[in-house]
Amino acid sequence: MLIALVTHAENGGRLRVLPDAGVPEGPVVETSDLAAAVSDLEARHRPRWLWAETNEVYPALLARSVRVERCQDLAHAEYLVLSYQGRHSEPRGLGAAIARLRGLPVPDDHGPRKRDTQPTLFEPEQERLPGDADPLDAVIAVHAEQQRVVATLGHADQLRLLFAAEAASALAAAEMTHFGLPWRADVHEKLLVDTLGPRPANGARPRKLAELADRITAAFGGKQVNPDHPPGIVRAFAREGIDVPSARAWVLKQVDHPAVEPLLEYKELARLWVAHGWSWLDSWVAEGRFRPDYVVGGVVSGRWATRGGAALQIPRTLRTAVRADPGWKLVAADAAQLEPRVLAALSNDRRFTEVSGDDDLYTTLADEAFDGDRGRAKLAMLSAMYGGTGGEAGPAMVVLRRKFPEAVGYVEAAALAGEQGRMVRSRLGRTSPPPSEAWREATGDTDVGEDALRRSRRASRDWGRFTRNFVVQASAADWTAVLLGALRRRLHQSAKGSHLVFFQHDEVLVHCPEELAEVVCAEVTAAGEEASRLVFGSTPVRFPLKAVPVDSYADAK
DNA sequence: GCCGTGAGCGCC
DNA sequence: AAAGGGCGCTCACGGC
């Protein structure tokens, strides 16, 4: 059963059963308590819900403890279709979609709406739709149009799978924000005090940092140097007769000067202080939970982004603050070396597929092609996927190309496409954006001037690196989106009471009662196998997804 | 005082 | 020949 739904202010809404799989179309139903209506229909029919945007509807349902199993999200589907057609920057949202459908002027998009408080009510109805379209009619019409269009596209089946996976991801993201990542503020604070000194009054430098700043100044002969100001550091070294191109940590590491050691320590501690210090704790952790705002598909490649909280950059040292509640466990799972395995499956490279049969792909790769040197093997692999050839990468790539011609050929074809300004696609049809007008100008320049030629080649290569990486990164995002959908459904069915609480590119955390930990581990493994089968069919490539129950995220690896 | 930019570094 | 991919966040700075 498929039910379209729109929200009103004051907790109300309208819905309508759509004709689907033998079920006839129903009348428009108006309700003053949408959450109750959804809860009731969910329990009786487990329908697919159809709505404009998960983020506009689902947080308020969750706030009323209403969860749904499946939905279709028009905004995500719309973006996937538009970008497939090379129209990445066209406005998104229901208003824009209905305007396109009716041939009306397309209203400008205001970007994703910010949500700065916990949802208690549904958002009041947003701006009026173009042509005074009725919102429920608009949802239904736009959905029908999407179904029509997707059938005409080259990746129809894959895109339908991607629609479902992206919608499930949006549900999972809202639930992650709702349940929150367990975060022990006391553990975090102790770590801050131990490494930085006591919390200073009103944003002053913590004691440890102040001491280091003094040592840095002393090492430069007593002249004030602001360690937070890179150009000042470069100038300070110049006064000492040392030429450095920048104040980056890896550059300073090669310099022999008494200021280097305190500078490097300062950088490390200052980073912790500004990015994840006391003020971060104040703004982002409440009642033992960290609740970041996830942006599903926020990155062109389909990876997630976050708004505020830097949830995808939690430093390793802080992971000890992520602790399961008493009587609960965190099940941590990460896909080992996901991207090279994705490349193996995309390219069907027989020998590379054999290499990916092992749990540690790089060790096997090293034995196969790099005299057992795992470091070189990894470097070569990353260079192939990122486009690097500096330093040792060049010769390593030569070896890789000889041993695994189809795998290397796959990314090089993607790079060539980018250099020529063509689009590339992921396994399920995510599509790279067309290069900018400035890029076309730079590369289309028939001017034979040396500068113009250099600029043109550089722009072309840069875009080639982007598309080279895109095919791998975006296909990995396909796999993880399907994984999230599968895992979410499995947990809902056989490990009720467990929650997905964190997701980061290729790893997930599930918070569950202790006695469910084994079941959750098994479901993680099964979800990984399901994702591999759905995305890559019968590929022999293995995608190991190891799940371990832990008390603290820090114990996961 | 606001805003955009570049440097730098955290994560994958 | 040489070229690492994607993000978010904060700071200092310079322009207004």
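Proteins come first, then strands; the chains are lettered A, B, ... in the order of their sequence lines, and each starts at number 1.
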S.K.: Whole Å only: how far is the CZ atom of A:Phe503 from the P atom of C:dC7?
M.R.: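 A:Phe503 atom CZ is separated from C:dC7 atom P by 15 Å.
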S.K.: Could you tell me the separation between the NZ atom of A:Lys378 and the P atom of C:dG5, rounded to a whole number of Å?
M.R.: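 Distance check: A:Lys378 NZ to C:dG5 P gives 17 Å.
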S.K.: Are any of the side-chain nitrogens in A:Asp228 or A:Arg205 under 4.0 Å away from the carboxylate oxygens of its partner?
M.R.: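 A:Arg205 and A:Asp228: salt-bridged.
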S.K.: Pairs in or reaching into residues 462-477 of chain A: which pass side-chain hydrogen bond (donor to acceptor under 3.5 Å, both in side chains), with residues at least two apart or in two chains?
M.R.: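 Of all non-adjacent pairs touching residues 462-477 of chain A, those that pass side-chain hydrogen bond (donor to acceptor under 3.5 Å, both in side chains) are A:Ser301-A:Gln473, A:Asp462-A:Arg465, A:Asn469-A:Gln473.
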S.K.: Please report, rounded to the nearest Å, how far the C1' atom of C:dC7 is from the OH atom of A:Tyr294.
M.R.: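 Result: 15 Å.
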S.K.: What does nucleotides 5-12 of chain B look like as a protein-contact string, B for base, S for sugar-phosphate only, - for none, at under 4.0 angstrom between heavy atoms?
M.R.: --SBBBSB
S.K.: Any chance the rings of A:Phe290 and A:Phe502 have centres within less than 6.0 Å?
M.R.: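 That pair fails the under 6.0 Å test.
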S.K.: Would the A:Phe163 and A:His76 ring centres measure less than 6.0 Å apart?
M.R.: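 Between A:Phe163 and A:His76, the centre distance exceeds or equals 6.0 Å.
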S.K.: Rounded off to whole Å, could you give me the NE2-to-C1' distance for the A:His229 and C:dC13 pair?
M.R.: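 Checked: the NE2 to C1' distance equals 6 Å.
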S.K.: Assign each of A:Glu419 and A:Ala275 to its nearest nucleotide of DNA chain C by heavy atoms, then name whichever residue's nucleotide is nearer the 5' end.
M.R.: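 Taking each residue's closest nucleotide, the earlier one in sequence belongs to A:Glu419.
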S.K.: Less than 4.0 angstrom from a charged side-chain N to a carboxylate O is my criterion; do A:Glu166 and A:Arg430 meet it?
M.R.: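 Salt bridge between A:Glu166 and A:Arg430, a charged N being under 4.0 Å from a carboxylate O: yes.
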S.K.: Base, sugar-phosphate or nothing for A:Gly298? Non-hydrogen atoms, less than 4.0 Å.
M.R.: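 If one applies the 4.0 Å heavy-atom cut-off, A:Gly298 turns out to touch nothing in the nucleic acid.
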S.K.: For the side chain of A:Val299, starting at C-beta, report the closest nucleotide among C:dC7, C:dG8, C:dA12.
M.R.: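 So the side chain of A:Val299 is nearest to C:dC7.
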S.K.: Kindly state whether the ring of A:Trp183 and the ring of A:Trp280 have centres lying under 6.0 angstrom apart.
M.R.: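 That pair passes the under 6.0 Å test.
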S.K.: Which ones in residues 459-472 of chain A lie close to DNA chain C, meaning a heavy atom under 4.0 Å from one of its atoms?
M.R.: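 Output list: A:Arg461, A:Arg465, A:Phe466, A:Asn469.
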S.K.: Say you pick atom C1' in C:dA2 and the same atom in B:dG10; how far apart are they, in whole Å?
M.R.: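 After rounding to an integer number of Å, I get 28 Å for this pair.
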S.K.: Atom CH2 of A:Trp273 and atom P of C:dC9: how far apart are they, to the nearest Å?
M.R.: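 Rounded to the whole Å, the gap is 18 Å.
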S.K.: Centres of the A:Phe536 and A:Phe543 rings: under 6.0 Å?
M.R.: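 Yes, ring centres under 6.0 Å apart.
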S.K.: Taking atom C1' of C:dC9 as reference, at what distance in whole Å does atom CG of A:Leu272 sit?
M.R.: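 Between C1' of C:dC9 and CG of A:Leu272: 14 Å.
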S.K.: Flag the pair A:Glu211 and A:Arg207 as a salt bridge only when some basic side-chain nitrogen lies within less than 4.0 angstrom of an acidic carboxylate oxygen.
M.R.: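 Result for this pair is yes, salt bridge flagged.
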S.K.: Assign A:Gly394 to base, sugar-phosphate, or nothing according to its heavy-atom contacts below 4.0 angstrom with the strands shown.
M.R.: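 The answer is nothing, as A:Gly394 stays clear of every strand by at least 4.0 Å.
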S.K.: Are A:His511 and A:Phe179, when compared by the centres of their aromatic rings, separated by less than 6.0 Å?
M.R.: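 No, ring centres 6.0 Å or more apart.
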S.K.: Using atom CG of A:Leu281 as one end and atom C1' of C:dC9 as the other, report the distance to the nearest whole Å.
M.R.: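 Answer to the nearest Å: 16 Å.
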